Amino acid sequence: SSMELVWMWNNAQPASHLYYVVEYSVNGANVVVSEPLTDQTFEIAEVNPFDKFTWRVASVDAQGNLNWSNWSDFIIRRDGPFFVKSDGTGDGSSWANAAGLQFALNQAVFGDEIWMAAGIYKPTSNNDRTISFIIKDGIKLFGGFAGTETGRNERNWHVNKTILSG
């Protein structure tokens, strides 16, 4: 999918303004510079969940001076939950391709939901009781799934016990 960047002036646009230039980077890669733009929008193609964008825009005047905005960051959120099973080894995109909990916690970004199928989840494969799961701010964990549901309201946490042991 694609995404559109939109910006505006805090005050009136200066009379000397001719066009805009956008600089952006995806996931820390090399900075891409746009062609001159007349509108206050710019479309970025090939946007994926978890992509981190850093961008800024410049107003260019007749002398070629660039008046840059501050850099801004944002992360593309997933378009659905992260599916997790206690023995999951997939990417978390579906119940059939469920991930392990630690993988999901590492990949999750603010606003993500993690749906957990019934099972016992441990933060380590050995018996080290000093290791625990770290849950970042803004991540929501929901247990009680059988591992076939398509809606959060279908889960039954009384039947499908989901246990974090750590």
Side-chain angles (χ1 to χ4, degrees), residues 1-14 16-117 121 123-125 131-143 145 147 149-152 164:
S1 64
S2 65
M3 173 203 49
E4 187 174 55
L5 301 175
V6 179
W7 57 91
M8 56 189 245
W9 290 91
N10 285 339
N11 302 310
Q13 176 179 299
S16 60
H17 168 80
L18 287 183
Y19 61 89
Y20 300 99
V21 175
V22 170
E23 285 186 345
Y24 70 95
S25 172
V26 182
N27 300 322
N30 292 338
V31 172
V32 176
V33 181
S34 73
E35 298 294 320
L37 305 165
T38 54
D39 294 331
Q40 290 174 263
T41 64
F42 177 70
E43 185 171 326
I44 299 176
E46 302 298 321
V47 174
N48 299 301
F50 302 127
D51 280 348
K52 179 180 180 183
F53 287 84
T54 303
W55 73 287
R56 66 181 182 166
V57 62
S59 169
V60 184
D61 66 19
Q63 289 74 43
N65 298 314
L66 284 79
N67 181 20
W68 287 104
S69 69
N70 292 328
W71 285 97
S72 293
D73 295 329
F74 63 91
I75 296 174
I76 303 298
R77 295 197 336 211
R78 299 175 64 80
D79 57 1
F82 226 126
F83 297 93
V84 168
K85 291 184 177 178
S86 59
D87 61 352
T89 59
D91 66 5
S93 59
S94 66
W95 285 120
N97 202 18
L101 179 56
Q102 192 59 62
F103 176 82
L105 289 171
N106 291 345
Q107 296 295 316
V109 298
F110 190 94
D112 274 341
E113 288 187 5
I114 297 175
W115 290 9
M116 301 170 59
Y121 295 82
T124 181
S125 58
I131 298 175
S132 59
F133 290 110
I134 305 297
I135 303 169
K136 297 178 262 187
D137 284 346
I139 309 300
K140 297 176 182 171
L141 271 67
F142 295 95
F145 291 93
E149 296 87 349
T150 56
R152 196 177 343 128
L164 299 183

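Atoms considered below: every heavy atom in the structure, side chains included; atoms not considered: hydrogens, waters and symmetry mates. Please read all numbers here as calculations on a predicted model, not as lab measurements.
Of all heavy-atom pairs between Phe142 and Phe145, the closest is O-CE1, 3.4 Å. The two residues Asn65 and Asp61 have their closest heavy-atom pair at N-OD1, 2.9 Å. Residues Phe110 and Asp137 approach most closely at CD1-O, 3.4 Å, considering heavy atoms. Residues Phe133 and Pro123 come closest through the heavy atom pair CZ-N, 3.4 Å. When all heavy atoms of Tyr19 and Leu37 are compared, the pair lying nearest together is CB-O, 3.4 Å. Across Phe53 and Val26, no two heavy atoms sit closer than the pair CE2-CG2, 3.3 Å.
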Item checked: Trace of the side-chain contact (heavy atoms from CB on, under 4.5 Å) decision for Leu164 with Met116 -> CA-CA 10 Å; Leu164 299 183; Met116 301 170 59; 3.4 Å; yes

Checklist line | Leu105/Leu141 under side-chain contact (heavy atoms from CB on, under 4.5 Å): CA gap, chis, key distance, verdict | finding: CA-CA 9 Å; Leu105 289 171; Leu141 271 67; 4.1 Å; yes

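Partner Leu101 forms a side chain to side chain contact (heavy atoms under 4.5 Å, CB included) with one of Ile114, Ile135, Asn106 and no other, that one being Ile114.
Annotation for Glu4: atom CD counts as buried by contact number, over 12 foreign heavy atoms lying within 6.0 Å. Dense packing is recorded around CD of Glu43, with more than 12 heavy atoms of other residues, nucleotides or ligands lying under 6.0 Å away. Heavy-atom contacts from other residues, nucleotides or ligands closer than 6.0 Å to CG of Asn30 number 12 or fewer. Within 6.0 Å of atom NZ in Lys52, 12 or fewer heavy atoms from other residues, nucleotides or ligands are found, so the atom counts as exposed in its surroundings.
Taking Leu66 as the reference, Ala58, Val60, Trp68 meet the side chain to side chain contact (heavy atoms under 4.5 Å, CB included) condition, with sequence neighbours excluded. Judged as a side chain to side chain contact (heavy atoms under 4.5 Å, CB included), and not counting sequence neighbours, the contacts of Phe103 are Phe82, Ala99, Gln107. Every residue two or more places apart in sequence or in another chain was checked for a salt bridge (Lys or Arg N to Asp or Glu O under 4.0 Å) with Glu149, and none qualifies.
Between the side chains of Asp91 and Ser93, a donor-acceptor pair is found at a separation under 3.5 Å.
Within the model, atoms CE of Met3 and OH of Tyr24 stand 8.5 Å from one another, a figure rounded to the nearest 0.5 Å. The structure places CD of Gln13 at 12.0 Å from CG of Asn11, a figure rounded to the nearest 0.5 Å. Note that the OG atom of Ser25 and the CH2 atom of Trp71 stand 7.5 Å from one another [nearest 0.5 Å].
Side-chain contact between Trp95 and Lys85: present, with at least one pair of heavy atoms (C-beta onward) separated by less than 4.5 Å.
Asp51 contributes a side-chain N or O that, together with a main-chain N or O of Asn48, makes up a donor-acceptor pair within less than 3.5 Å. Judged purely by atom type and a 3.5 angstrom limit, Ser69 uses its side chain to pair as donor or acceptor with the backbone of Val57.
Residues Tyr20 and Trp7 bring their aromatic ring centres within 6.0 Å. With ring centers used as reference points, Phe83 lies under 6.0 Å from Trp115.
Arg56 has a carboxylate O that lies under 4.0 Å from a charged side-chain N of Glu23, or vice versa, which qualifies the two as a salt bridge.
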